Amino acid sequence: MSSSDRRAFLVSGLTAAGLALAGCGFRPVYGPGGPADGLRGRIAVDAPDSVVGFLLVEELETRLGRAEAPRWRLAYSIDTESEGLGVTAEQDTTRYNITGRVGFQLRDLDSGQVVQSGEVASFTAYSATGSTVATRAAERDAYRRLMVILADEVVTRLLATSGTWAQ
């Protein structure tokens, strides 16, 4: 198969895939007329009250935009737990798992009605085998990674359901 034949095959395949998706009702979430069209900058996230809260809010605002003219308010609660996993014969912990849960509620600011709520959970880990400074840096990085994961899950849930509440 020549390179021009391969290109034609790929273009026709992509066109067919696009038509198939359009036929099943698929619309880009941020596209014109999509369920999240006009959502950016419209969700005010509650102010953080902890370091992990700050990290979560920072990630949420990166994805949703900082609210300039909010129509909804996102309240959240964060619960994290650290558990030692790897233990040496000398009883030194060498690996930690951090689990996290974020419960959230999205309220319409006009009516006060909860339009979406839920809970997301995930985990990450870090190694404690270096110096104290390296271990603390690894721990901070693990909490940041966990908040990125949880923010992604919250935003995904909001975007997936935005067609039912963001009219």
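Residues: numbered from 1 along the sequence shown. All figures in this text were calculated on a predicted structure; none of them were measured in a lab.
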Exercise. Hey, is Glu81 close enough to Arg101 for a salt bridge, meaning N to O under 4.0 Å?
Worked result: no
Exercise. Are Arg63 and Glu59 close enough for a salt bridge, meaning some N to O gap below 4.0 Å?
Worked result: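 The answer is yes: the pair qualifies as a salt bridge.
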Shortest non-hydrogen contact from [X] toward [Y]:
{"X": "Ala125", "Y": "Ala142", "result": "O-CB, 4.1 Å"}
{"X": "Ala44", "Y": "Pro70", "result": "CB-CB, 3.8 Å"}
{"X": "Ile98", "Y": "Tyr126", "result": "CD1-CE2, 3.7 Å"}
{"X": "Ser127", "Y": "Ala138", "result": "O-CB, 3.8 Å"}
{"X": "Val57", "Y": "Val45", "result": "CG2-CG1, 3.8 Å"}
{"X": "Ser82", "Y": "Tyr96", "result": "OG-CD2, 3.7 Å"}

When rounded to the nearest 0.5 angstrom, what distance separates [atom1] in [X] from [atom2] in [Y]?
{"X": "Asp108", "Y": "Trp165", "atom1": "CG", "atom2": "CH2", "value": "10.0 Å"}
{"X": "Ser77", "Y": "Gln105", "atom1": "OG", "atom2": "CD", "value": "9.0 Å"}
{"X": "Leu39", "Y": "Leu159", "atom1": "CG", "atom2": "CG", "value": "6.5 Å"}
{"X": "Thr124", "Y": "Asn97", "atom1": "OG1", "atom2": "CG", "value": "8.0 Å"}
{"X": "Arg73", "Y": "Arg107", "atom1": "CZ", "atom2": "CZ", "value": "11.0 Å"}
{"X": "Leu150", "Y": "Leu55", "atom1": "CG", "atom2": "CG", "value": "11.0 Å"}

Seminar exercise, completed: The residue among Thr164, Thr161, Leu106 that forms side chain to side chain contact (heavy atoms under 4.5 Å, CB included) with Val115 is Leu106
For this session: Applying side-chain contact (heavy atoms from CB on, under 4.5 Å), run through Arg157 and Phe104 and close with a yes or a no.
Result: CA-CA 10 Å; Arg157 185 86 56 91; Phe104 65 93; 3.7 Å; yes
For this session: Only counting residues at least two apart or in another chain, list the ones meeting ring-ring contact (aromatic ring centres under 6.0 Å, His included) with Tyr143.
Result: none
Exercise. Would you find a donor on one side and an acceptor on the other, under 3.5 Å apart, between the side chain of Thr88 and the backbone of Asp92?
Worked result: yes
Exercise. Less than 4.5 Å apart, any side-chain heavy atom of Met147 and any of Leu56?
Worked result: yes
Exercise. Are any of the side-chain heavy atoms of Val120 and Asp152 separated by less than 4.5 Å?
Worked result: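 A side-chain contact under 4.5 Å is absent here.
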Exercise. Are Val148 and Val154 co-members of a hydrophobic cluster defined by side-chain heavy atoms under 4.5 Å apart?
Worked result: no
For this session: Check the pair Gln116, Leu158 against side-chain contact (heavy atoms from CB on, under 4.5 Å), reporting the backbone distance first and the verdict last.
Result: CA-CA 7 Å; Gln116 177 62 26; Leu158 292 175; 3.9 Å; yes
